[in-house]
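What follows is a single structure, written as structure tokens, with notes after it.
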Amino acid sequence: MPRRIGLFGGTFDPPHVGHLVTAVNVRHALRLDVVVLMVANVPWQKERSRRITPAEDRYDLVEAAVADVDGLVAGRTEIDHGGASYTAETLRTLGEANPDAEFFTIVGDDAAAGFTTWDRYREVAERSSLVVVDRPGESVAVPAEFEWLRVEVPHLEVSSTDLRARFTDGRPLDYLITEPVLDVIRKRELYGAML
Ligand code: ATP
Ligand code: MG
């Protein structure tokens, strides 16, 4: 039974090397037994602004991404729960299943900056230690009323938004996304990919 569990939530539309490098480095730095890349079912803060790839496809992409990586797993708690995804709820579910575990909620600084817009964010801070990593770009302030563990990871200027654009305009994907993930994308013809 893992005792120190990292919860790294995202839309992962698609998962890329920025996610993987972050997860393995935070796991190492904080001696976590496992980091769960938790796939949001309905990312309610994003769903109005763009079309989101079906959750089961995104889950399979994350599974492909972590298959060969020690200590990283794909999480489907939010998909199985259904509806909108809330980290507070997910921590409650994971805590019930792992009563002796200590939880770490991992976010990039862009996500950390918006922490107080999350549903029941105080509960998230009560149920877990908050971990933030810097992302390249403008540096953003994290809400000062909470204690943040800052972990240094290699700064990779990679985003799912940029990758989705690359799939359609034909720019290279090499070294930004891993081959097992690309295989699934090709097979399912996701992202209007011209691969
Ligand atoms: P999108 O461009 O669609 O928003 P994204 O690349 O930001 O996608 P998300 O699924 O939104 O990926 O992010 C999930 C989590 O991963 C967030 O906490 C985000 O800050 C973090 N993250 C994403 N990309 C990086 C990166 N390159 N380096 C560090 N953290 C990252
Ligand atoms: Mg994002």
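Just follow the structure's listing: the first ligand is 1, and inside any ligand the first atom is 1. A quick note: this is a predicted structure, and the numbers were derived from the prediction, not measured.
Polar contact with ligand 1: absent for G9 (N/O pair, distance under 3.5 Å). The shortest N/O to N/O separation between T11 and ligand 1 falls below 3.5 Å. Distances between N or O atoms of D13 and those of ligand 1 include no value under 3.5 Å. Checked against a 3.5 angstrom limit, the closest N/O atoms of G108 and ligand 1 fall inside it. An N or O contact shorter than 3.5 Å links V158 to ligand 1 by distance.
Ion pair D70/R27 not flagged as a salt bridge, since none of the NZ, NE, NH1 or NH2 atoms sits closer than 4.0 Å to an Asp/Glu carboxylate oxygen.
For ligand 1, the atoms lying closer than 4.0 Å to a non-hydrogen atom of H16 are 6 (O), 24 (N), 25 (C), 27 (N). For ligand 1, the atoms closer than 4.0 angstrom to any heavy atom of T22 are 28 (N), 29 (C), 30 (N). For ligand 1 and A111, the ligand atoms under 4.0 Å from any heavy atom of the residue are 18 (O). Residue-ligand proximity, T161 to ligand 1, at heavy-atom distances under 4.0 Å covers atoms 1 (P), 2 (O), 3 (O). Within ligand 1, the atoms closer than 4.0 Å to a non-hydrogen atom of K46 are 1 (P), 3 (O), 4 (O), 9 (P), 11 (O), numbered from 1 in the order shown. Applying the 4.0 Å criterion to heavy atoms of R50 picks out, from ligand 1, the atoms 3 (O). Near S159, with a cut-off below 4.0 Å to any heavy atom, the atoms of ligand 1 are 2 (O), 6 (O).
A 6.0 Å sphere centred on NE2 of H155 holds more than 12 heavy atoms belonging to other residues, nucleotides or ligands.
Nearest-residue assignment for atom 25 (C) of ligand 1 (options R58, R135, E157, H19; heavy-atom criterion): R135. Taking only non-hydrogen atoms, the option from P154, P15, S160 nearest to atom 5 (P) of ligand 1 is S160.
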message: Could you go through D13 and R50, starting from their C-alpha distance and side-chain angles, then the distance that decides it, and tell me whether this counts as salt bridge (Lys or Arg N to Asp or Glu O under 4.0 Å)?
response: CA-CA 11 Å; D13 194 10; R50 67 175 182 87; 2.9 Å; yes

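Between L7 and M38, the shortest heavy-atom contact is CD1-CB, 3.6 Å.
Figure legend: cation-pi geometry between R76 and Y59, with NZ or CZ positioned under 6.0 Å from the six-membered ring centre and within 45° of its axis.
Residue contacts with ligand 1, taken as heavy atom pairs separated by less than 4.0 Å, involve L156 solely via the backbone atoms N, CA, C and O.
Scanning all protein heavy atoms for the shortest distance to atom 20 (O) of ligand 1 gives D110 OD1, 2.6 Å. Ranking protein heavy atoms by distance to atom 3 (O) of ligand 1, first place goes to R164 NH1, 3.1 Å.
For the side-chain contact (heavy atoms from CB on, under 4.5 Å) test, residues two or more places apart in sequence or in another chain that qualify with R135 are D109, D110, S159. Residues that satisfy the side-chain contact (heavy atoms from CB on, under 4.5 Å) test with A23, not counting sequence neighbours, are F8, V35, L37, L72.
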